[in-house]
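Have a look at the structure below before the remarks.
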Amino acid sequence: MKLPIFQVDAFANRVFAGNPAAVVLLEEWLPDEVLQGIAMENNLSETAFVVPRGGFFELRWFTPMVEVDLCGHATLASAYVLFRQGHASGEIVFETESGTLTVRQEGQLLAMDFPARPPRPIAGNASVTACLGAAPAELHAARDLLAVFATQADVAALEPDFAALAGLDEFAVIVTAPGDACDFVSRFFAPAVGIPEDPVTGSAHCTLVPYWSERLGKSELHAWQISARGGELFCEHRGDRVVLKGQA
């Protein structure tokens, strides 16, 4: 069996930056254990699998360890491949576990329409502080924990205990702060699903954008994920949806 596979650097305007995702184009679904095996073999933070269904595409995402309910950078990568390979033009509709997701071409950017996942404030947690090695100023929860720090330097300086983070009940921990040259910065840790630190995380911005939109009183936001590879996102809060734009 031969399958076409592409590796795309998402949320980046050059190679060797942003977040690399694998995209595998299928004619029909393979058994889940085969999909998971391919993702484990690729050993990237996400492998996306795409099946055409007439006017739309079915899309699923796998880390090296588990299937996930939403992934931004691998959706961006999938759209990039489909546009570049001539399978679609202008707009792509994906049907996913998180509902219908659309991706539109806007010049050099790809604009993804995703569900918003606004966080709710929760009490401080000593175990989170111990895992991160520093106490956040605020702690919130959605699918992931959201730990808010005072400055970009605070976020950049974090050296988490990944083994301890993997023992938390939450899927992942997002850390964030106001940006020095943008609206906000973030990092994303998900060692429990095989991703110690993700380079650039679209799904995290489904929580980050509602939080920062309310805090800053603006709907359009410029974000950087300050991992070692780094990634840039242009974001918009639209009530129960967020628009995330980036290059690939």
Side-chain angles (χ1 to χ4, degrees), residues 1-12 18-39 42 44-63 66-118 142-143 171 193 198 200-207 209-210 231 233-248:
M1 178 175 58
K2 292 186 177 181
L3 302 172
I5 184 169
F6 303 83
Q7 185 167 321
V8 177
D9 290 337
F11 296 116
N19 199 352
V23 179
V24 182
L25 303 182
L26 303 173
E27 294 182 0
E28 290 293 342
W29 289 112
L30 299 171
D32 286 3
E33 60 268 23
V34 175
L35 301 179
Q36 187 64 73
I38 293 170
N42 289 336
L44 297 170
S45 60
E46 301 284 352
T47 296
F49 297 92
V50 182
V51 175
R53 296 296 188 206
F56 65 93
F57 296 86
E58 293 180 350
L59 175 62
R60 296 170 68 184
W61 314 273
F62 288 77
T63 79
V66 298
E67 183 174 9
V68 297
D69 64 341
L70 185 63
C71 176
H73 84 280
T75 301
L76 190 76
S78 298
Y80 180 79
V81 168
L82 293 171
F83 286 135
R84 288 289 294 266
Q85 295 295 309
H87 296 287
S89 63
E91 180 177 286
I92 293 174
V93 177
F94 291 116
E95 292 298 336
T96 77
E97 186 177 336
S98 290
T100 301
L101 310 176
T102 61
V103 184
R104 294 184 179 88
Q105 291 178 305
E106 295 187 3
Q108 295 297 311
L109 297 173
L110 297 179
M112 304 187 295
D113 184 305
F114 271 32
R117 292 175 164 175
R143 180 196 70 174
F171 179 86
V193 293
D198 197 33
V200 197
T201 315
S203 64
H205 288 75
C206 295
T207 297
V209 171
L233 299 92
F234 301 92
C235 313
E236 185 177 352
H237 189 209
R238 295 182 179 175
D240 62 353
R241 308 292 293 182
V242 297
V243 176
L244 309 176
K245 301 178 184 181
Q247 298 188 62

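Here the structure is a predicted model, which is why all the values come from computation and not from measurement.
Annotation: side-chain hydrogen bond (donor to acceptor under 3.5 Å, both in side chains) contacts of Gln105 (sequence neighbours excluded): none. Every residue two or more places apart in sequence or in another chain that forms a salt bridge (charged side-chain N to carboxylate O under 4.0 Å, His left out) with Glu28 is listed here: Arg53. The ring-ring contact (aromatic ring centres under 6.0 Å, His included) test applied to Phe114 returns no partner, not counting sequence neighbours. Asp198 is linked by a salt bridge (charged side-chain N to carboxylate O under 4.0 Å, His left out) to nothing, counting only residues two or more places apart in sequence or in another chain. In this view, Glu95 and Thr100 satisfy the side-chain hydrogen bond (donor to acceptor under 3.5 Å, both in side chains) rule, not counting sequence neighbours.
Using the six-membered ring where Trp is involved, Phe57 and Phe94 have ring planes that are tilted, between 30° and 60° apart.
Heavy-atom neighbours of Glu33 CD from other residues, nucleotides or ligands within 6.0 Å: above the threshold of 12.
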>> Determine whether Val50 and Val81 satisfy the following criterion, side chain to side chain contact (heavy atoms under 4.5 Å, CB included), listing intermediate values before the conclusion.
In response: CA-CA 10 Å; Val50 182; Val81 168; over 6 Å; no
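Pro115 places a side-chain heavy atom less than 4.5 Å from the side chain of Leu101. The side-chain heavy atoms of Ile38 and Leu3, taken from C-beta on, include a pair separated by under 4.5 Å. Within the 4.5 Å cutoff, the side chain of Leu110 has heavy atoms near those of the Phe83 side chain.
Rounding to the nearest 0.5 Å gives a distance of 10.5 Å between CG of Leu26 and CD of Glu58. Rounded to the nearest 0.5 Å, atoms CG (Leu233) and NZ (Lys245) are 12.0 Å apart. Between the CG atom of Asn42 and the CD atom of Gln7 there is a distance of 7.5 Å, given to the nearest 0.5 Å.
Judged by distance alone, the side chain of Gln36 and the main-chain N or O of Thr63 form a donor-acceptor pair under 3.5 Å.
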Return a table of donor-acceptor pairs under 3.5 angstrom between the side chains of residues 66-77 and protein atoms on other chains or two or more places apart.
unit_1, atom_1, unit_2, atom_2, d
Glu67, OE1, Arg60, NH2, 3.0
Glu67, OE2, Arg60, NE, 2.8
Glu67, OE2, Arg60, NH2, 3.4
Asp69, OD1, Arg143, NH1, 3.0
Asp69, OD2, Arg117, NH2, 2.7
His73, ND1, Asn19, ND2, 3.3
His73, NE2, Asn19, ND2, 3.4
His73, NE2, Ser45, OG, 3.4
Thr75, OG1, Trp61, NE1, 3.1
Thr75, OG1, Cys71, O, 2.5

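Here the closest non-hydrogen pair linking His205 and Thr201 is ND1-O, 2.8 Å.
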